[in-house]
There are 4 protein chains.
Amino acid sequence: MARRPPTKPRKNASQARSRATVDALIEATARILVREGFEKTSTNRIAEIAGVSVGSLYQYFPSKEALVAAVIDRHNDEIMQIVRAAFVEVAEMPVEKAVRRLVTVAIEAHHIDPNLHRVLAEQIPRSGRLAEVEAFNHEVHALVRAYFESRRKEMRKIDLDMATFICVSAIEAVAHNTVLHQADMLSDKTVKVLVDETTRMVAGYLRPSA
Amino acid sequence: MARRPPTKPRKNASQARSRATVDALIEATARILVREGFEKTSTNRIAEIAGVSVGSLYQYFPSKEALVAAVIDRHNDEIMQIVRAAFVEVAEMPVEKAVRRLVTVAIEAHHIDPNLHRVLAEQIPRSGRLAEVEAFNHEVHALVRAYFESRRKEMRKIDLDMATFICVSAIEAVAHNTVLHQADMLSDKTVKVLVDETTRMVAGYLRPSA
Amino acid sequence: MARRPPTKPRKNASQARSRATVDALIEATARILVREGFEKTSTNRIAEIAGVSVGSLYQYFPSKEALVAAVIDRHNDEIMQIVRAAFVEVAEMPVEKAVRRLVTVAIEAHHIDPNLHRVLAEQIPRSGRLAEVEAFNHEVHALVRAYFESRRKEMRKIDLDMATFICVSAIEAVAHNTVLHQADMLSDKTVKVLVDETTRMVAGYLRPSA
Amino acid sequence: MARRPPTKPRKNASQARSRATVDALIEATARILVREGFEKTSTNRIAEIAGVSVGSLYQYFPSKEALVAAVIDRHNDEIMQIVRAAFVEVAEMPVEKAVRRLVTVAIEAHHIDPNLHRVLAEQIPRSGRLAEVEAFNHEVHALVRAYFESRRKEMRKIDLDMATFICVSAIEAVAHNTVLHQADMLSDKTVKVLVDETTRMVAGYLRPSA
DNA sequence: TATGAATGAGTATTCATTCAT
DNA sequence: TATGAATGAATACTCATTCAT
């Protein structure tokens with residue numbers, strides 16, 4: 001196992017000023033990551049953009065990786081907030097309506113900051129945040145599985161983990177590729193058809209055969 | 001636009017000795033990429049592992065990126081060979097059988113060298129090979145679409161591009177995530193179920209509703 | 001057109017410590033240039049001699065060329081200070097006295113650091129300082145021409161630019177070659193004769209014919 | 001003393017083919033030196049342009065420096081031929097006419113291949129040809145001095161070495177600077193005035209005072 | 001607590017030269 | 001004798017990190 005740099009923030013930033021500095025640093029990192037790419041994202045540049053000295057940067061983050069990790073965490077938190085809210089909404093819905101809502105939310109979530117999303121996706125393996133991202137995936141899996149479990153009687157007999165794996169993979173992939181090929185398909189109508197079709201595929205898959 | 005290093009090979013290496021050197025360099029790059037990650041992949045290290053001098057490396061490759069690009073190209077060629085063969089096989093099959101075969105092939109293709117696949121996936125955006133990989137994706141899309149077109153009468157009425165996009169995304173995602181979570185699901189039986197289920201989802205989606 | 005490395009200094013180095021570092025780097029560059037020649041003048045060696053890290057070097061100078069350029073600028077400034085002072089002195093003098101003074105000053109100026117002068121002369125074309133050196137030449141030309149203009153009535157009728165070009169070339173060449181062949185002619189008496197003779201040639205050239 | 005690479009050609013190139021190869025190599029070196037600058041002048045490039053393999057290059061020249069030295073020698077020989085011929089011509093002329101002729105020849109000689117002249121001038125100190133170039137200068141000095149000696153009675157009383165040094169410096173400088181600033185002064189008329197004026201200065205300097 | 005000057009190991013790349021074929 | 005593939009020491013330059021002020 002390669003030794004990784006530390007990635008935990010150095011203090012709790014209790015005071016408001018500290019908090020502001022930390023935010024500025026994370027924001028600066030995200031911006032440079034998106035606008036100039038990972039190679040150009042140096043700690044000195046981050047500090048400069050954040051309007052802070054490098055010394056201060058290292059007061060709050062023990063390494064460059066810690067900063068990238070913080071950006072990943074922030075982004076994941078934003079997405080998870082949307083996702084969790086969606087599952088609350090969806091809990092009472094029948095399967096097809098629920099799937100449609102979840103597909104829509106998946107696409108929306110991927111569109112929060114598509115460029116950042118793309119850059120982070122590339123950095124996750126090196127970010128020391130693999131565990132957190134896996135945890136994120138597990139939570140999504142668990143939420144879907146729990147919903148499926150609660151709707152078991154409306155669905156055909158099926159291994160719930162397997163079904164969850166396949167449905168999450170499919171929905172996530174459609175959302176992800178839609179972001180990547182954004183140029184090709186952005187009209188509202190196209191998105192609607194996309195949601196319709198994806199919903200049809202997933203809901204059809206779950207529904208008891210006639 | 002960030003300027004990229006050149007990635008075209010420098011010589012055609014027609015002679016046997018040259019060819020061996022080039023192969024050794026590509027192989028060494030792939031190995032280090034997998035075993036030590038992109039950051040540790042320095043040109044001097046590649047040359048060392050290939051049993052060749054740095055000078056020779058630069059005789060055949062104008063930059064580090066050119067080497068990574070060569071690895072990507074080689075890997076893509078391997079996969080495309082499998083994929084193209086599969087479509088020849090599948091041409092005469094009915095939809096469900098065809099989908100089953102394609103799902104199987106997708107998973108197999110992703111297993112050729114899963115670790116390399118993972119590392120390369122991360123490097124593609126920086127490799128100057130985006131265009132080639134997109135071409136690869138386009139070819140896959142075209143092959144699938146052509147097959148769908150030829151089986152139109154067995155399928156429901158549907159926008160073929162949309163259907164292709166969704167089916168390819170779904171199948172590719174299942175295969176990809178299967179590789180990522182290989183630890184969890186590797187038993188032959190599990191794989192069989194996985195193929196069955198994915199086939200059911202995709203074939204069901206394409207089939208005319210009862 | 002060949003692209004050149006940047007030669008503008010990176011920071012203004014206002015603080016005392018910075019200023020000392022910058023001076024040490026310029027001084028070290030000048031020394032190595034003189035003692036070991038341009039080929040041996042590597043940035044790591046410059047930093048070492050300056051008692052500073054390479055990193056610091058690059059904090060203040062964006063390239064090796066920038067350092068050479070700084071040495072050239074410093075040397076030119078030293079010379080121009082002497083030259084400008086000489087023209088202030090000379091303004092009120094009659095032609096022959098003025099020429100004698102200027103010849104003397106030219107030789108003195110070339111003797112400030114003859115070895116450095118020689119090395120720099122070779123590097124100017126590659127230094128990105130051609131423009132500055134040309135500006136220097138233009139200033140000298142302008143000063144001489146202005147003096148000539150102010151003394152027109154003591155001189156024969158003549159194209160002032162042409163006369164300036166020829167006189168400056170001649171005086172400069174005598175001074176320059178004197179430095180190059182310093183071993184041969186350094187006695188005070190020899191120098192006096194040299195100044196007498198050069199003055200005779202130039203002043204004679206400018207004087208109205210009898 | 002820094003150790004220098006060897007600069008003597010490796011064989012006498014008795015055979016015609018060898019001679020052709022040697023010439024091609026020298027010519028290629030000169031061309032690259034002029035067209036791409038000293039930095040780009042690599043032995044591999046020279047061999048390529050000469051249409052010869054690097055191996056062959058090293059069969060005839062023991063080092064890169066030897067090639068540059070050969071170019072310098074060739075250029076000097078060309079100039080010396082002109083200069084020697086001029087002194088034969090001039091031997092019977094009276095001083096002013098002779099000076100005029102020599103000034104003209106100096107300018108012509110500097111124009112043989114001005115760009116090559118410039119590049120070589122920069123490389124001489126590093127070429128191991130300093131001695132040869134000094135010998136060249138000595139020969140010029142000797143020729144001028146011999147002429148002066150033969151015309152002593154037409155000239156004022158004067159230290160001949162000193163006079164030679166000053167006159168040669170002045171004429172050479174005018175010719176050299178004329179080449180450097182070629183853009184500014186190239187019309188036939190301008191050159192004529194230049195020759196007239198320089199001749200006036202030098203001849204006036206040598207002439208007994210009225 | 002903040003600053004930013006200083007550090008130096010590490011990286012990609014070049015090019016004169018050699019030598020097996 | 002010619003070839004050109006191979007060599008590898010050397011060089012410019014970057015950037016995460018430290019620490020004196």
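Rounded to an integer number of Å, the gap from CG of B:Leu57 to P of E:dT14 is 11 Å. If you measure from atom OH of D:Tyr60 to atom C1' of F:dA2, you get 9 Å, rounded to the nearest angstrom. Atom CD in B:Glu36 sits roughly 14 Å away from atom P in E:dG10 (whole-Å rounding). At whole-Å resolution of the value, NZ in C:Lys40 and C1' in F:dA9 are 14 Å apart. For the pair B:Gln59 CD and F:dT3 P, the computed distance is 16 Å after rounding to whole Å. Computed from coordinates, the C:Phe61 CZ to F:dT14 C1' distance equals 18 Å when rounded to whole Å. Rounding to whole angstrom units, CG of residue B:Leu25 and C1' of F:dA6 are separated by 12 Å. Atom OH of C:Tyr58 is separated from atom C1' of F:dT11 by 8 Å (rounded to the nearest Å).
Remark: C:Ser42 engages C:Asn44, C:Arg45 in a side-chain contact (heavy atoms from CB on, under 4.5 Å) (not counting sequence neighbours). Residues satisfying the side-chain contact (heavy atoms from CB on, under 4.5 Å) criterion with A:Thr43, sequence neighbours excluded, are A:Val54, A:Leu57, A:Tyr58, A:Lys64. Take B:Ala70 and apply the side-chain contact (heavy atoms from CB on, under 4.5 Å) test, not counting sequence neighbours, and it matches B:Ile26, B:Phe61.
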- [ ] Dot-bracket notation for DNA chain F is requested: 5' to 3', Watson-Crick or G-U wobble pairs only, both distances under 3.5 Å, with ( ), [ ], | and . as defined.
- [x] .||||||||||||||||||||
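Take the nearest nucleotide of DNA chain E for B:Lys64 and for B:Gly55: the residue whose nucleotide is more 5' is B:Lys64. Looking at which nucleotide of DNA chain F each of A:Ser42 and C:Ser42 is closest to, the 5′-most match is held by C:Ser42.
The shortest side-chain heavy-atom distance between A:Ile46 and A:Val52 does not fall under the 4.5 Å cut-off. The shortest side-chain heavy-atom distance between C:Leu67 and C:Tyr60 does not fall under the 4.5 Å cut-off.
When all heavy atoms are compared, the tightest approach of B:Ala47 to B:Leu25 is CA-CD2, 4.3 Å. When all heavy atoms are compared, the tightest approach of D:Val68 to D:Gln123 is CG1-CB, 4.3 Å. Between D:Ala50 and D:Ala24 the shortest heavy-atom distance is CB-O, 3.7 Å.
For F:dG8, the OP1/OP2 oxygens have no side-chain nitrogen or oxygen of B:Ser53 closer than 4.0 Å.
Nucleic acid contact class of A:Thr21 (heavy atoms, under 4.0 Å, all strands): none. Base engagement by C:Ser56 is indicated by at least one non-hydrogen atom pair under 4.0 Å involving a base atom. Backbone-only engagement by D:Glu39 is indicated by non-hydrogen atom pairs under 4.0 Å involving sugar-phosphate atoms exclusively.
Applying the side-chain hydrogen bond (donor to acceptor under 3.5 Å, both in side chains) test to every pair with at least one member in residues 20-32 of chain D, sequence neighbours left out, gives these pairs: D:Arg19-D:Asp23, D:Glu27-D:Arg74.
Applying a 4.0 Å cut-off to non-hydrogen atoms, none of the residues of residues 43-52 of chain D approaches DNA chain F.
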